[in-house]
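Shown next, in structure tokens, is the structure this report addresses.
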There are 2 protein chains.
Amino acid sequence: MDSTVARERALDAAERLFYSRSVHAVGMADVRDASGVSLKRLYQLFPAKEQLVEAYLERRDRRWRQRLAAYADRYAEPERRVVAVFDWLGEWFAEPEFHGCAWINAYGELGATSELVARQVRRHKAAFKEYLTGLVREAGLERELAEELFLLAEGAMVTAGITRSPEPAAHARRAAVRAIEAGRASARAAAGRG
Amino acid sequence: MDSTVARERALDAAERLFYSRSVHAVGMADVRDASGVSLKRLYQLFPAKEQLVEAYLERRDRRWRQRLAAYADRYAEPERRVVAVFDWLGEWFAEPEFHGCAWINAYGELGATSELVARQVRRHKAAFKEYLTGLVREAGLERELAEELFLLAEGAMVTAGITRSPEPAAHARRAAVRAIEAGRASARAAAGRG
DNA sequence: CACCGTAGAGAATGATGGTTCTCCCCGGTA
DNA sequence: TACCGGGGAGAACCATCATTCTCTACGGTG
């Protein structure tokens, strides 16, 4: 088995297991059993479990943001793209494997003890906020709105995870639409004054 | 040492340690060392670590909601009390021991493996939402607003924990004020129509 | 065919940590 | 004083891993 193939398989198994059961509940032997990659190889690819966790979070981050962007990009209208973020959250929450936000979960579990993990989580959340900020800017909405939408999205993720329900996405979406409308009005007012 | 005293001391130590370092990073021996309560006594009071965690979350829930309510109650005006929730979050986030929301953290760590913990977390979040809903009702604002404010508060908690900054409280507060004003306007409009 | 490096299976190692057990002391009681 | 029960200190026990090591097989190469 090629080294890159082994790496992908290991990460596939790690992601499935860590995400659904949490990190401390999954042993390296579980990852081996689920991936077919021997312990020896696992330790060649990742010097320690912590690095496997780091790699899992990093790859998931890349894919997660790609999926989100691909979804939002289906809309040409910039403002619609902002709302699409919440539509996408709703689809994500409704997936049968959904188990909350992987980064929020990892932070709760390991943020206090692993700087590597804490950094991955901060990076991911910063990137997501950055993405939202870009959408808001392109839609010509006030910058502060991004902060608010970010908090709504985070609140929806954490609540959907805890309650095992996709409902929070709809609530967040409604709130987002109202905030956007309010922001649009005040942006127009500012333009009128300026 | 009285049994109730031992219980309180054990919970004091457990709370301090579990909250700051996470549950799996703290052993029963650590709790013994920090509390002065022997292992034998600890296991008399709590049949297993899981129950100690449960009791920690439960006592913290009672105190947390009491502190919040006491803070908000200083304001006579119902609508002001709603906003006070976010003021209080800001004070909480700024405490030096602040380390995110204990329940969100616990859920990320143990939600998938401990039904006892998962239940405590759901109970706590439901109670907090219930509290917000009550405040919103008393202020004569539309019911749906509570959902939105809840998501903002959750988003602020999780973000403040991850970024180690009290800033999200201010952002959430601003968003809350705007949402309340919008809600007030639409409530008046509905009253006018009704 | 003989050699070699890599890989896998799975046991060994070592640490950690939840839970229990032993042994001893002390305070209360007849 | 002799007895007794609860309590503490800390070792013991046991399971669970993360990580490493051993042994064996195999595919490529001269």
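Protein chains get the first letters and strands the later ones, always in sequence-line order, with residue 1 at the start of each. All values below come from the heavy atoms of this structure, side chains included, with hydrogens, waters and symmetry mates left out.
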Side chain of Arg32(A) - closest among dG8(C), dG10(C), dG8(D): dG10(C)

Whole angstrom value for the distance that separates C1' of dG8(C) from CG of Asp33(A): 13 Å

Within residues 148-180 of chain B or reaching into it, pairs that qualify as ring pair (Phe, Tyr, Trp, His ring centres under 6.0 Å) - sequence neighbours excluded: Phe128(B)-Phe150(B)

Within residues 11-20 of chain B: residues closer than 4.0 Å to DNA chain D (heavy atoms): none

With sequence neighbours excluded, residues passing side chain to side chain contact (heavy atoms under 4.5 Å, CB included) with Arg7(B): Leu11(B), Leu45(B), Phe46(B), Ala55(B)

Salt bridge flag under 4.0 Å for residues Glu109(B) and Arg21(A): no

Side chain to side chain contact (heavy atoms under 4.5 Å, CB included) partners for Glu130(A), two or more places apart: Thr133(A)

Set of salt bridge (Lys or Arg N to Asp or Glu O under 4.0 Å) partners for Glu144(A), sequence neighbours left out: Arg174(B)

For atom CZ of Arg21(B) and atom C1' of dG17(C), their distance in whole Å: 14 Å

Pairing residues for Glu15(A) by the side chain to side chain contact (heavy atoms under 4.5 Å, CB included) criterion, not counting sequence neighbours: Tyr56(A), Arg59(A), Arg60(A), Arg63(A)

Nucleotides 13-29 of chain D: protein proximity per nucleotide (B base, S sugar-phosphate only, - neither; heavy atom, under 4.0 Å): -----SBB---------

Under 3.5 Å, which N/O atoms of the protein pair with N/O atoms of nucleotides 4-6 of chain C?
none

Listed partners of Arg16(B) passing salt bridge (Lys or Arg N to Asp or Glu O under 4.0 Å), at least two apart: none

Partners meeting salt bridge (Lys or Arg N to Asp or Glu O under 4.0 Å) with Arg80(A) (sequence neighbours left out): Asp87(A)

Partners meeting salt bridge (Lys or Arg N to Asp or Glu O under 4.0 Å) with Lys49(A) (sequence neighbours left out): none

Side chain to side chain contact (heavy atoms under 4.5 Å, CB included) partners of Glu79(B), counting only residues at least two apart: Glu77(B), Ala139(B), Leu141(B), Ile180(B), Arg184(B)

